[in-house]
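All remarks here apply to the structure that follows.
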Protein chains: 2
Amino acid sequence: MSKRTEKTIVDIAEELNLSVSTVSRALNDNPNISARTKEKVKKMARKLGYRPNALAAGLRNNKSKTIGLIVPRISMFFPATISTIIQNKLQEYGYHLIICQSNDSYEQEIALVNTLYSARVDGLVVSTTLYTTDFSHFDIFRTNNIPVVFFDRVPKDYDVKVIKGDDYLGGYLATSHLIERGCRDIVHISGPLSCNLYVERVAGYKKALQQHQIPVRKNRLFYQELTRESAWQTCKKIFSQKPYPDGIFASNDTTAITVMEYCRTIKVKVPEELKIVGYSNDPRTEIISPPISSVDQYPAMMGERVVAALMELINSPTAATKFTPEIIPIQLLERESSAAPVKHGRKKK
Amino acid sequence: MSKRTEKTIVDIAEELNLSVSTVSRALNDNPNISARTKEKVKKMARKLGYRPNALAAGLRNNKSKTIGLIVPRISMFFPATISTIIQNKLQEYGYHLIICQSNDSYEQEIALVNTLYSARVDGLVVSTTLYTTDFSHFDIFRTNNIPVVFFDRVPKDYDVKVIKGDDYLGGYLATSHLIERGCRDIVHISGPLSCNLYVERVAGYKKALQQHQIPVRKNRLFYQELTRESAWQTCKKIFSQKPYPDGIFASNDTTAITVMEYCRTIKVKVPEELKIVGYSNDPRTEIISPPISSVDQYPAMMGERVVAALMELINSPTAATKFTPEIIPIQLLERESSAAPVKHGRKKK
DNA sequence: TTGATTTTTGCAAACGTTTGCATAAATTTA
DNA sequence: TAAATTTATGCAAACGTTTGCAAAAATCAA
C-alpha cells in the first residue's frame, strides 16, 4: 500500500507556525480565534488541498454527524420515498445518512443495529421488519442517549419516539368506502399480526363492518406476507368457491395489484363484480387499468416529521421522557377500481 | 451529555491482567496469540458487553470496511435493485454500504464524493448524474489508490473500471424489433447526450434504421430529461400533427409508460396504431395494459459484477493499469405494446 | 508607565484501536 | 542442565482531530 498523500492540520500548522489547536479552532470557526488568523488558516487549507478526516474527528467527539436508517427494502415505494426525503432534509442540517436494508429479517436488523452503533451514528431511524417483536437490540442506543425514531412499522410497548400513519382510520375509511359503494361481502388481506400496523388496519376494517351491521366473518380475513406470490395463493383460496366477495381491502398495493391481475385471469370484472382498495398509493396503482383506489400515507410529510423529531432529540439530550406517538394523516384516494355502479336506466323526457 | 457507559479493550485488559495489544490481537484472531488467551479474551469481551469502536479502528487502519455508493435516485427501479444486490453481496465480504443519492445534481455528486472520501470509505461505486461530463472530482480516490467502479451511467474518457449494459445493442434491438413488427416511422425519445449511455442507444437506433434503408429523420429524435413531465410535453409535440409515427422507442420505462398514457387520451390504439418499446424492464411495464415491451438489463448480474470487480481492486492494489469496460448482456422482452398486427382474414372451408 | 482585563494562542492530553520491535516465557535440542 | 530456538506477550507510538487549562499577547484604564 503506497504512502498517503493526504494533508493534515499538522501540515497547515507547520506552514503558518501555529499550533494544531489554533488551526483546528480556526477551521471550526471558534470565536476565540482572530479573524486574521482564521483567514490565513482557511486560505492555507485550500492551498494545501486539506480534507478533514471524519474518522478522527468522530473518534475525538464521539459523534459522526451521521444518521443511520434501517428500512425493510428500498425497492418498496414507501420506504424509498421516505429515505429520499430524510436524506434531503438531513443534508440541510449537515448530517449524512447511511441507508441500510433489513430485508425483513430480524437477524439482519440486529446485525445492522450493532454495526451502526459501532459506527457511532448520532441517531437512528427505523422501520422495523414484519417480525420484530422484541426490541431490546435497540436498548444500546437508548442507554447511551443516542436518539432513536421509529416510523411506519413501530414498536408497540417500547417507550420511544414514534411517527406513524393513522392505520386504524386507514382501515376504517377503506372499508367504509367499499360499503358505501355497495359492497356487503368484503375480504381483508392483512399482513402478519406480529406487526402492529396491520393489527390497527384490521381493527379499522372490523369497526367499519360493525358500524354498518355487517358481520365480521373469519373466513374473509387473511394474514400473510404481503408479496405477489402470497397474494396469488390467497386469491386462489378466495375465488375457489362461490359466492365470491364483492369487495377486497388489501393492506398493501402489491397485493391489490395482484388481486386485480388474478381477477383478469378468472374474468371477474373490476369494479363491476369486485371492488378493490389498496394501501400506500404506490405509483403503479395509477397506471394500471382500471386505476386502483388506495390510501395515501403522505410519505413526504412523514419523512419531514421524522427528521424534525430526530433533530429535536439530538439538540435536547435531556433524560428520556414519555413519548407521545405522532400520527401522520392519511387520505383515501378513490379511483376506478372501486367506482360506483354505472346506472343503466334513462329518464324519459 | 452524560458519561459513556461503553467498555473498551482497556477494560478487558485490566480484568485479565493483559496488555491492550494482546487483547486487540486476540479479538482479531492474530496467529501469534495462544488459543487459551484468545478464549479468555473473547469470553471477557462478551461478559463485559464490549462493542468495537469502528471510528477508532478505522482511524488507525485508515480503512473503514465501508463502501460508498452514489446513484441518481433510489426511487428508480434500476438503481434500487442494484443497490440491494450490491449491499447483499458486500455483506458476504464483511463490508457495509453507504447509499447516497445525487438527485441527478452534479454539485451534489461532488459534495458526496468529498464526504465519502472524508469518511475514508474503502471503495466507491458510482452511477453518475445525467450531467456529469467532468470527472476530476473522482481523482482524489484514484490518487490515493482507493478503488472506484462505475456502472450504468459511466465516464467516457476516464481510465477507470466500468461495468455497463450493452446500450448500443439495446437501441439496435428495440428499433429492429419495431421494424420487424411493421413500423416504418419510428420516434426515439432519448436522454440528454451529455450522458454517454444515451449516445449509444441513439447509435443503435440509427444503425437499425440504416440497415433497413429507413432514413433517419431528425424530427423523430428527441433529447430530454426522462421524466414523466418531459415525456408528456414531448408527446404533445409528436402528436401535434399528422402523420403520426407508427413506433416509439423510449430510452426509459417512465417515458414509455407516459407515452402509453398519452395515447390513451388521444385515442391512439397501442399496439394497432402505434407500437411502444421501453428500457430497463421496470415492474410497471408488466402490469400496465397492454404490457410494454422493454429491454431488460439484468440488474442482478450487474450488481454482482460490480461487487466482484470492486473486491478484486481492493485485494490487488497494484498500480492503476488500463481498464477494459465490462459489458453486461441485455435482452429485449417482447410484450403486447409491440405485438404483431392481428390478421383479420378467415379462410373459407 | 504600570496594573488590570480581555483576547488569543499553545501545551498536553484525550479519544479507542492496532502493530513494529523488543523482551519474556516456553519449548526443544544438545 | 545449559543453550538455542520458538512462541507469546508487552511497551510505546501511531492514526488526526479537538479541547481544558495555562500562558502569552494585546488592549484598556488609572
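Chain naming here is simple, since letters A, B, ... match the order of the sequence lines and numbering starts at 1 in each.
- Which of C:dG10, D:dG10, D:dA13 sits closest to the side chain of B:Thr22 comes down to D:dG10.
- If you measure from atom CD1 of A:Ile9 to atom C1' of C:dA12, you get 14 Å, rounded to the nearest angstrom.
- Within the structure, a side-chain polar atom (N or O) of A:Ser34 is placed less than 4.0 Å from OP1 or OP2 of C:dT9.
- In this structure a side-chain-to-backbone donor-acceptor pair under 3.5 Å is missing from B:Asn28 to B:Asn30.
- With C:dT18, C:dG16, C:dC11 as the choices, the nucleotide that has an atom nearest any side-chain atom of A:Ser21 turns out to be C:dC11.
- Not one side-chain nitrogen or oxygen of A:Asn30 sits closer than 4.0 Å to the OP1 or OP2 atom of D:dT19.
- Residue B:Asn17 is classed as a sugar-phosphate contact, given heavy-atom separations below 4.0 Å to backbone atoms only.
- In the set C:dT17, D:dT17, D:dC15, the nucleotide with an atom closest to the side chain of B:Thr8 is C:dT17.
- When atom types are taken as modelled, the side chain of A:Asn196 and the backbone of A:Lys156 share no donor-acceptor pair closer than 3.5 angstrom.
- Closest to the side chain of A:Leu59, from the set D:dG16, D:dT9, C:dT17, is D:dG16.
- One atom, CG of A:Leu16, and another, P of C:dT8, lie 17 Å apart when rounded to the nearest Å.
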Could you walk me through whether B:Glu312 and B:Lys161 pass the salt bridge (charged side-chain N to carboxylate O under 4.0 Å, His left out) test, one step at a time? CA-CA 11 Å; B:Glu312 194 177 312; B:Lys161 182 68 187 180; over 6 Å; no
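- Within 4.0 Å (heavy atoms only), A:Leu18 reaches sugar-phosphate atoms of the nucleic acid but no base atom.
- Nearest nucleotide to the side chain of A:Asn61, out of D:dT9, D:dT19, D:dT17: D:dT19.
- Picking from C:dA14, D:dA12, C:dC11 the nucleotide with the shortest atom distance to the side chain of A:Arg60 gives C:dA14.
- Between A:Arg36 atom CZ and D:dT27 atom P there is a gap of 12 Å when expressed in whole angstrom units.
- Look at CZ on B:Arg120: it is 12 Å from C1' on D:dT17, rounded to the nearest Å.
- Of the candidates C:dT19, D:dT19, C:dT18, C:dT19 carries the atom nearest the B:Arg25 side chain, counting heavy atoms from C-beta on.
- Each of A:Phe323, A:Phe138, A:Phe141 was compared with A:Phe150 under the ring pair (Phe, Tyr, Trp, His ring centres under 6.0 Å) criterion, and only A:Phe138 meets it.
- Atoms NZ (A:Lys7) and P (D:dC15) sit 14 Å apart, rounded to a whole Å.
- With A:Thr37 contributing its side chain and A:Ile33 its backbone, the two residues share no donor-acceptor pair below 3.5 Å.
- The structure places OG1 of B:Thr115 at 6.0 Å from CG of B:Leu112, a figure rounded to the nearest 0.5 Å.
- Taking atom CD1 on B:Ile12 and atom C1' on D:dG10, their separation rounds to 17 Å, with Å as the unit.
- Heavy atoms of B:Val23 sit nowhere under 4.0 angstrom from any nucleic acid atom.
- At whole-Å resolution of the value, CD1 in A:Ile33 and P in D:dG20 are 13 Å apart.
- Within 4.0 Å of A:Asn32, counting heavy atoms only, lies at least one base atom of the nucleic acid.
- Whole-Å rounding puts the A:Leu27 CG to D:dT19 P distance at 13 Å.
- Toward the 5′ end of DNA chain C lies the nearest nucleotide of A:Pro31, the other residue of the pair B:Val20 and A:Pro31 mapping further downstream.
- Close to C:dT18, at under 4.0 Å from its OP1 or OP2, lies a side-chain N or O of B:Ser24.
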